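Have a look at the structure below, then the notes.
Atoms considered below: every heavy atom in the structure, side chains included; atoms not considered: hydrogens, waters and symmetry mates. From a predicted model like this one, the values you see are computed outputs, not experimental measurements. Proteins come first, then strands; the chains are lettered A, B, ... in the order of their sequence lines, and each starts at number 1.
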Amino acid sequence: NAGVMQNPRHLVRRRGQEARLRCSPMKGHSHVYWYRQLPEEGLKFMVYLQKENIIDESGMPKERFSAEFPKEGPSILRIQQVVRGDSAAYFCASSPVGDGQYFGPGTRLTVT
Amino acid sequence: GENVEQHPSTLSVQEGDSAVIKCTYSDSASNYFPWYKQELGKGPQLIIDIRSNVGEKKDQRIAVTLNKTAKHFSLHITETQPEDSAVYFCAAHYNQGGKLIFGQGTELSVKP
């Protein structure tokens with residue numbers, strides 16, 4: 001059973017460009033979460049999604065950030081007009097109903 | 001508010017010794033407490049978890065204890081090995097299927 005998959009693993013964007021991060025949950029998992037980790041810090045919750053629904057987006061900045069988990073295909077975290085402060089590792093996790101969250105390897109975003 | 005405090009931030013032990021990491025949480029409604037191990041450049045790996053209806057759980061060299069009254073939970077690693085060296089994160093969660101609130105992390109170094 002493959003684990004949570006994220007791509008790309010590394011992404012470099014210039015200020016003002018868009019970043020698209022993809023996450024494929026583990027087979028059988030219907031819940032997806034996105035977290036951000038700044039260098040030498042803990043993980044901060046951004047958004048929680050189920051298929052076609054955003055359940056909790058309380059940790060996601062109101063502007064420039066959006067997330068989706070369509071009926072078919074991976075979950076996408078989209079950052080528009082990136083700034084240097086967006087540089088971080090972005091982790092996706094998935095879970096079945098009522099169980100632990102399993103993390104992917106992350107996407108390391110660098111904004112130059 | 002939702003907050004998890006983790007101590008110590010760094011911990012150095014000799015191979016074979018025990019290591020203990022402690023966390024406190026603020027929300028008395030929290031009912032699920034996972035621990036993650038993160039190696040450099042990788043995603044967090046779920047190593048053990050405990051639910052609020054249990055006081056202690058053990059898995060080989062790893063154990064977790066929970067004191068609901070004091071809102072404390074701890075990770076115990078016995079007979080430490082160099083491959084246990086990593087950053088360990090505790091987390092708390094109070095909504096079934098909801099977001100995790102993470103501690104700040106403990107960098108464990110096991111010296112051979």
Side-chain angles (χ1 to χ4, degrees), chain A residues 2-10 21 23-26 29-51 53-60 67 69 88-110, chain B residues 1-10 21 23-25 27 30-54 57 59 62 64 73 75 86-109:
Chain A
V4 177
M5 297 171 64
Q6 290 188 249
N7 67 83
R9 295 292 307 278
H10 299 273
L21 288 61
C23 169
S24 295
M26 288 177 69
H29 288 192
S30 57
H31 301 243
V32 165
Y33 313 80
W34 287 92
Y35 294 84
R36 178 163 64 177
Q37 186 175 39
L38 294 170
E40 299 187 18
E41 290 191 12
L43 294 106
K44 304 293 185 188
F45 168 80
M46 298 182 73
V47 61
Y48 162 36
L49 311 103
Q50 294 178 21
K51 285 284 187 183
N53 283 305
I54 296 175
I55 308 302
D56 180 357
E57 57 183 346
S58 59
M60 199 154 68
F69 188 16
Y90 292 82
F91 290 98
C92 167
S94 73
S95 75
V97 176
D99 205 339
Q101 295 180 23
Y102 296 86
F103 282 77
T107 294
R108 279 145 187 88
L109 172 66
T110 302
Chain B
E2 304 157 347
N3 189 44
V4 175
E5 294 288 332
Q6 182 173 346
H7 299 280
S9 56
T10 61
I21 302 170
C23 290
T24 60
Y25 59 98
D27 192 332
S30 295
N31 59 12
Y32 173 69
F33 307 92
W35 285 88
Y36 289 87
K37 175 184 180 183
Q38 187 176 28
E39 296 174 314
L40 194 63
K42 296 186 178 180
Q45 175 192 2
L46 179 63
I47 56 172
I48 195 167
D49 55 15
I50 191 167
R51 298 188 184 275
S52 58
N53 59 346
V54 174
K57 183 176 178 181
D59 183 3
I62 294 173
V64 58
F73 58 114
L75 177 72
V87 179
Y88 290 80
F89 291 98
C90 62
H93 160 315
Y94 66 97
N95 253 343
Q96 188 173 12
K99 64 185 176 185
L100 290 173
I101 306 299
F102 281 86
Q104 299 87 341
T106 296
E107 184 173 2
L108 173 64
S109 175

Who wins among B/Pro34, B/Ala91, B/Gly41 for the most heavy-atom pairs under 4.5 Å with chain A?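 When all of B/Pro34, B/Ala91, B/Gly41 are compared, B/Gly41 has the most.
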Around atom CD of B/Gln104, are there more than 12 heavy atoms from other residues, nucleotides or ligands closer than 6.0 Å?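 Buried by this count: over 12 neighbours within 6.0 Å.
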Tell me if the NZ atom of B/Lys42 is crowded by more than 12 foreign heavy atoms within 6.0 Å.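 Open.
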Please examine the side chains of [Y] and [X], heavy atoms only from C-beta on, and report whether any two atoms are closer than 4.5 Å.
{"X": "B/Phe89", "Y": "A/Gln37", "value": "yes"}
{"X": "B/Leu100", "Y": "A/Tyr35", "value": "yes"}
{"X": "A/Gln101", "Y": "B/Pro44", "value": "no"}

B/Gln38 vs A/Phe91, test: side-chain contact (heavy atoms from CB on, under 4.5 Å). Steps then yes/no. CA-CA 12 Å; B/Gln38 187 176 28; A/Phe91 290 98; 3.4 Å; yes
Which bit of A/Ile55 comes within less than 4.5 Å of chain B, counting heavy atoms only: side chain, backbone, both or neither?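 For A/Ile55, no heavy atom lies under 4.5 Å from chain B.
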Measure the spacing between CZ of A/Phe45 and NE2 of B/His93 and express it to the nearest 0.5 Å.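 Here the rounded value is 10.0 Å.
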